[in-house]
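Here the structure is laid out as structure tokens; the discussion comes afterwards.
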Amino acid sequence: MAKIVSSGIDDGVRRLEKGEVVGFPTETVYGLAGSILSEVGIRKIFSTKKRPFFDPLIVHVSSKKMAEQLTTDWNPLADFLAEHFWPGPLTLVLPKSDLVSDLITSGLQTVGIRMPKHTLALSLIDRLGSALAAPSANRFGKTSPTSAQHVAFEFPDDDFLIFDGGPCEVGLESTVLSIKRIADNYELSILRAGHVTKSDLEKATAYLKFKIKFVETLDRRESPGQMKHHYMPQKPLVLVRNSNLSENQILEMVRAKIKDLPDEVEQVQIVKPTQIVKISEMKLPESAELAARSLYSELRNLANLQSDLIYFRLKPEFEKENWQATIDRLTKAASLILD
Ligand code: TXA
Ligand code: MG
């Protein structure tokens, strides 16, 4: 059984040095960390999560200097964005240096780097003296954890330390931003939506001298780990677009469609109900920020109830940019979407 603690950074550091994994808080979600210097530790992250090796890990730093050593191109734009958004929920994807193994990047020549905004995370990295590779601390394809208790619940049979840093402030994973430099021009591409939006990035960089272009990356090889399904709760989630549908109609439509669902998509198991008797509606706060903060814990709470299915009604205002990350996670977590 994993052990929740709220102190003992030195013990955490010793364990990481020995090649163990450690659960730790960040402002986005809880991570399952291994030292980037320990191949044993990195392999343990993948085996604990049952994560396929094609899905690269984000590397967490406690200083800009540490970040510079992880890439061969710490360019002026990366430096500016780090200065502006770090510590915070923005991951910068840059060419990797030799310090970062192929195991961490799934064979890619780039590495995702971020500085988390949580004192516990920062002191763990600082005291270890090297960066931590860490995915979200959930089993592969499942709902991400936003509390230490969620992490313990995900891994009942594993024995590692989980540092309790309270509930996560942001509640959704970081924005993943690829930075490509061509001479003094930059191509930016958001590979995963998060709390930091395109507008935030445009606003921050508006007065910079260099030329910045936002592009859409359609090449899946540059953005692995962006599966169609992810974050799945233990009970099936159904998104409902048509606001006229009653609960009974939803139930009927799900019953009719459920048998056509595949068992698995891109190695992620699709959650299906064995029977549908009781269903629960998920409600999220009106504010996009509060909705993001409570999404994963709401999904977990409802999945633990006696209901066989969770449904959530989509509204037109969710088209707004500040809802984008929440809707992205909901869409991937859903077994079915009813139009
Ligand atoms: O907020 C977060 O980012 C959290 C906390 C723990 O920091 N971490 C997290 O890690 O969400 P994870 O493993 O659940 O998601 C990492 C994703 C990968 O699936 C992939 O989509 C992207 O980040 N990624 C990582 N390295 C990449 C790279 N070199 N190129 C492109 N995408 C990368
Ligand atoms: Mg994850």
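Whatever order the structure lists ligands and atoms in, that order sets their numbers, starting from 1.
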Point to revise | Side-chain H-bond candidate by donor/acceptor type, D126 with S123, under 3.5 Å | key: no
Practice item. Report yes or no: do R114 and T28 form a side-chain donor-acceptor pair below 3.5 Å? Key: yes
Exercise for review: Could you tell me whether some N/O pair between Y30 and ligand 1 is separated by less than 3.5 angstrom?
Suggested key: no
Study note, to complete from the structure: Within the 4.0 Å heavy-atom cut-off, what K49 brings close to ligand 1 is neither
Check your understanding: Of all the atoms in S136, is at least one N, O or S atom closer to the Mg ion (ligand 2) than 2.8 Å?
Key -> yes
Point to revise | Residue H60 vicinity, atoms of ligand 1 by number, heavy atom under 4.0 Å | key: 5 (C), 6 (C), 7 (O)
Point to revise | Residue part near ligand 1, for L191, under 4.0 Å between non-hydrogen atoms | key: side chain
Study note, to complete from the structure: Quick note on ligand 1: atoms under 4.0 Å from a heavy atom of V111 include exactly 29 (N)
Practice item. Run the numbers on F160 and F155 for ring-ring contact (aromatic ring centres under 6.0 Å, His included), then give the verdict. Key: CA-CA 9 Å; F160 56 82; F155 303 104; 5.7 Å; yes
Practice item. For atom 25 (C) of ligand 1, state which one of P56, P25, S189 supplies the nearest heavy atom. Key: P56
Point to revise | Parallel, tilted or perpendicular: ring planes of F140 versus F54, cut at 30 and 60 degrees | key: perpendicular
Practice item. Output yes when the distance from some N or O of ligand 1 to some N or O of D55 is under 3.5 Å, and no in every other case. Key: yes
**Study point:** Heavy atom of K96, distance to ligand 1 below 4.0 Å
**Key:** no
**Study point:** CZ-CZ distance between R241 and R313, expressed to the nearest 0.5 angstrom
**Key:** 14.0 Å
Practice item. Using the ring of F214 (Phe, Tyr or Trp, six-membered ring only), decide whether K198 places NZ or CZ under 6.0 Å from its centre and within 45 degrees of its axis. Key: yes
Review point. For ligand 1, which atoms have a heavy atom of R114 less than 4.0 angstrom away?
Key: 1 (O), 2 (C), 3 (O), 5 (C), 7 (O)
Practice item. Specify side chain, backbone, both or neither for T105, according to which of its non-hydrogen atoms lie closer than 4.0 Å to ligand 1. Key: neither
Review point. Looking at ligand 1, does I58 have a heavy atom less than 4.0 Å from it?
Key: yes
Practice item. Following the transitive rule for hydrophobic clusters with a side-chain heavy-atom cut-off under 4.5 Å over Ile, Leu, Val, Met, Phe, Trp and Tyr, establish whether L70 and V93 coincide in one cluster. Key: no
Exercise for review: State the atoms of ligand 1, each with its element, that fall below the 4.0 Å cut-off from a heavy-atom position in S174.
Suggested key: 1 (O), 2 (C), 3 (O)
Practice item. Mind checking the CD1-NZ spacing from I270 to K228? Nearest 0.5 Å is all I need. Key: 9.0 Å
Point to revise | Hydrophobic cluster membership, L237 vs L251, 4.5 Å side-chain cutoff | key: no
Exercise for review: Please identify which atoms of ligand 1 are closer than 4.0 Å to at least one heavy atom of G31.
Suggested key: 6 (C)
Review point. What do you reckon, are the aromatic ring centroids of H118 and F24 less than 6.0 Å apart?
Key: no
Review point. Counting both backbone and side chain atoms, is some N or O of T91 under 3.5 Å from an N or O of ligand 1?
Key: no
Revision key, fill the gap. Ligand 1 to R192, heavy atom cutoff 4.0 Å, flagged ligand atoms 2 (C), 3 (O), 9 (C), 11 (O), 15 (O), 16 (C), 17 (C)
Review point. Any idea which atoms of ligand 1 are less than 4.0 Å away from a heavy-atom of L108?
Key: 28 (C), 29 (N), 30 (N)
Check your understanding: Would you say K117 has more than 12 foreign heavy atoms packed within less than 6.0 Å of its NZ?
Key -> no
